[in-house]
Amino acid sequence: MRRPIEEAELEADFEGEEDGAEDESVGALQALLQDPRKLLGGVAVVAVLIFAIYIVFPKLLGLDDAVRKLGDARGGWIAVAVAFNALAFVAYVALFRGVLGGIQSDAVHERLNHRASYQITMAGLAATRIFSAGGAGGILLTYWALRKAGMSARRSACRMVAFLVLLYGSYLLALILFGILLRTHVLPGDSPVAGTIVPAGVAAGVIAVFLLIALIPQDVERRIQSVASGYRRTRYLLRLAKGPATVASGVRTAIAYVLHPRRGALAIVGAAGFWAANIAVLWASFEAFGGHVPLAVLVQGFFLGMAANLIPSPFGGVGSVDAGMIGAFVLFGIDNSVVFPAVLTYRVIAFWLPIPPGIVAFFQLRGTVAGWEAERARAPAVPGYTIQSEVMSR
C-alpha cells in the first residue's frame with residue numbers, strides 16, 4: 001500500500017536529468033572563500049553598509065544615543081540570545097532530517113547521517129548569507145549535496161521544494177495569524193494596517209498560489225508527451241512543464257507531511273522551532289537594552305523585516321534586512337533608541353556569528369562528498385533506485 005508522502009512525490013523521478021548549475025555555484029563559493037582579494041572586497045562592502053546603517057543613518061536622524069547604547073548591553077541577555085541561536089540551528093537540522101528522512105535507498109540514507117546533515121545545513125546557511133536573493137546560494141548548495149549523496153535530480157528538487165514550503169509556509173501562516181490578532185486587538189500592541197492586514201493579505205495570496213500549483217496533475221509531463229507526440233517542439237513543452245511539475249510535487253509532499261504528522265512531526269517541529277528560536281534571539285536582544293516589546297509585535301515585526309531578504313544585496317540580506325527590520329519596529333511604535341542597537345545585536349548573533357562555523361562545515365562537506373565519490377568509484381554498478389520500486393516492494 002502506498003504511503004501518502006511517497007504518493008505525493010511519485011512523479012519526481014520522471015525523466016530526471018543532471019544539472020551542472022549547482023556545481024558551478026559551489027565552485028564559485030569555494031573560489032570566493034579561497035580568494036583573499038574577493039573576500040576582503042566583500043567584507044569591505046559589508047563594513048560600509050553596516051557603518052552607513054548603524055552609524056551614519058542614526059546620526060542623520062539625531063539618534064546618537066542609539067549608537068552609544070551598544071555599550072550598555074546586558075551580558076546575561078546576550079548569552080541567552082546566543083543560546084537561542086544554537087537552538088535555531090538544531091531545529092534547522094531537524095527540519096532537514098525530517099524532510100529527507102523518508103524513503104531513500106540504503107546508501108543515500110547512510111550517507112545523509114547526522115554528521116553530513118550538520119555539514120549540509122551549516123554550509124547551506126553560510127552560503128545563504130554569502131550569496132543574496134532569498135537564500136539561493138544555500139538552496140543550490142543543499143541540492144548539490146543531495147545529488148552527490150546519490151539522490152536523483154528530480155527527487156532532490158522535489159524534497160528541496162518540500163523543505164522550503166514547510167519552512168516558509170510557517171513564516172507566511174505566522175504573518176497571517178499575528179497580523180489578524182494584532183489588528184483585531186486580541187493581542188496587545190500597535191496595529192498599523194501596513195504592518196498587519198497588508199502583509200497578512202499578501203501572505204494569504206502567496207499561500208493560495210502555491211495551493212493552486214499543487215493542483216497541477218502528477219503526470220502532467222506524460223500527458224503532454226502523449227498529446228503532443230510527434231510534434232517537433234514536444235521536448236520544449238516538456239522542459240517548460242518540468243519546473244511547475246517539480247514545484248507541484250514538492251508542495252504536495254510538504255502538504256502530506258502536514259496531513260500525516262506521524263511521518264512529518266520532526267520536519268514540522270523543526271520549521272516552527274527554527275523561526276521561534278530566531279524570534280527568541282531578537283527578544284533577548286531587545287531585553288539586553290531594556291526594550292520590552294509585546295509578543296505579537298515582536299513576531300510580526302520580525303517576519304515583516306525578514307521579507308526584505310528578497311531584496312538583492314552584496315551579501316545575503318546585509319543592509320536590506322537590517323533596514324527592513326528597523327523600519328518594521330519603528331512602524332509598530334517601538335523606541336528608535338532601542339530598535340537600532342537591538343536589531344544590530346540580533347544580526348550579529350543570528351547572521352554573522354554562524355558564518356565561521358558554516359565555512360568550516362563547507363570545507364568538511366567537500367571532504368565528505370569526496371569520500372562519497374571515492375566510495376562510488378570503488379563499488380560495483382547496481383541498478384538505479386527509484387521511488388516506485390521501493391513503494392511497490394511494500
Side-chain angles (χ1 to χ4, degrees), residues 73 76-101 114-132 134-135 137-139 141-142 160 163-175 178 264-288 293 295 298-309 315-318 321-322 324-325 328-329 342-362 364-365:
W77 282 111
I78 299 299
V80 170
V82 171
F84 276 122
N85 197 43
L87 286 177
F89 296 123
V90 171
Y92 199 73
V93 173
L95 170 61
F96 179 85
R97 290 195 61 77
V99 173
L100 297 163
H114 286 88
R115 179 173 173 271
S117 296
Y118 166 80
Q119 292 172 357
I120 293 169
T121 51
M122 284 303 297
L125 286 168
T128 296
R129 283 149 174 74
I130 292 172
F131 292 116
S132 59
I139 293 169
L141 187 140
T142 304
M160 279 305 304
F163 177 94
L164 293 170
V165 168
L166 287 171
L167 182 63
Y168 290 102
S170 55
Y171 172 108
L172 295 171
L173 287 172
L175 271 176
F178 285 92
L266 185 61
I268 295 168
V269 170
F274 175 75
W275 294 120
N278 268 279
I279 292 168
V281 174
L282 182 59
W283 165 71
S285 299
F286 271 107
E287 292 292 334
V293 182
L295 173 63
L298 184 71
V299 174
Q300 194 73 359
F302 170 84
F303 284 124
L304 197 57
M306 286 300 293
N309 192 42
F315 279 69
V318 174
V321 172
D322 303 70
M325 199 168 284
F329 284 108
V343 171
L344 175 58
T345 301
Y346 165 77
R347 291 288 283 168
V348 168
I349 294 171
F351 185 91
W352 295 107
L353 199 59
I355 290 180
I359 292 173
V360 171
F362 171 76
Q364 289 175 334
L365 179 60

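The shown structure was predicted, so the numbers you read here are calculated from the model rather than taken from an experiment.
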State the [atom1]-[atom2] distance between [X] and [Y], to the nearest 0.5 angstrom.
X: Trp77; Y: Phe286; atom1: CH2; atom2: CZ; value: 13.5 Å
X: Leu282; Y: Leu298; atom1: CG; atom2: CG; value: 5.0 Å
X: Leu175; Y: Met306; atom1: CG; atom2: CE; value: 11.5 Å
X: Arg347; Y: Leu353; atom1: CZ; atom2: CG; value: 13.0 Å
X: Leu167; Y: Leu172; atom1: CG; atom2: CG; value: 10.0 Å
X: Leu141; Y: Gln119; atom1: CG; atom2: CD; value: 11.0 Å

Checklist outcome for this item: Residue set satisfying ring-ring contact (aromatic ring centres under 6.0 Å, His included) with Phe178, at least two apart, ordered chain then number -> none
Could you check whether any side-chain heavy atom of [X] comes within less than 4.5 Å of a side-chain heavy atom of [Y], counting everything from C-beta outward?
X: Phe89; Y: Thr121; answer: no
X: Phe163; Y: Thr142; answer: no
X: Val80; Y: Glu287; answer: no

Checklist entry - Between Trp352 and Ile355, is a side chain to side chain contact (heavy atoms under 4.5 Å, CB included) present by the stated rule, with each step listed? => result CA-CA 6 Å; Trp352 295 107; Ile355 290 180; 3.6 Å; yes
Checklist entry - Of all residues at least two apart in sequence or in a different chain, which pass the side chain to side chain contact (heavy atoms under 4.5 Å, CB included) check with Thr345? => result Leu70, Ile78, Ser285, Phe289, Ile349
Checklist entry - Which class fits the ring pair Phe274 and Tyr92: parallel under 30°, tilted 30 to 60°, perpendicular over 60°? => result tilted
Nearest heavy atoms of [X] and [Y], plus distance in Å:
X: Ala271; Y: Leu166; value: CB-O, 3.6 Å
X: Ala361; Y: Met122; value: CB-CB, 3.7 Å
X: Leu365; Y: Ala123; value: CD2-CB, 4.3 Å
X: Ala328; Y: Gly305; value: CB-N, 4.1 Å
X: Arg97; Y: Ser117; value: NH1-OG, 3.0 Å

Next on the checklist: If the test is ring-ring contact (aromatic ring centres under 6.0 Å, His included), which one of Tyr168, Phe329, Tyr171 qualifies with Phe303?
Outcome noted: Tyr171
Checklist entry - For residues 265-282, which residue pairs qualify under side-chain hydrogen bond (donor to acceptor under 3.5 Å, both in side chains), counting only residues two or more places apart or in two chains? => result Ser170-Trp275, Asn278-Tyr346
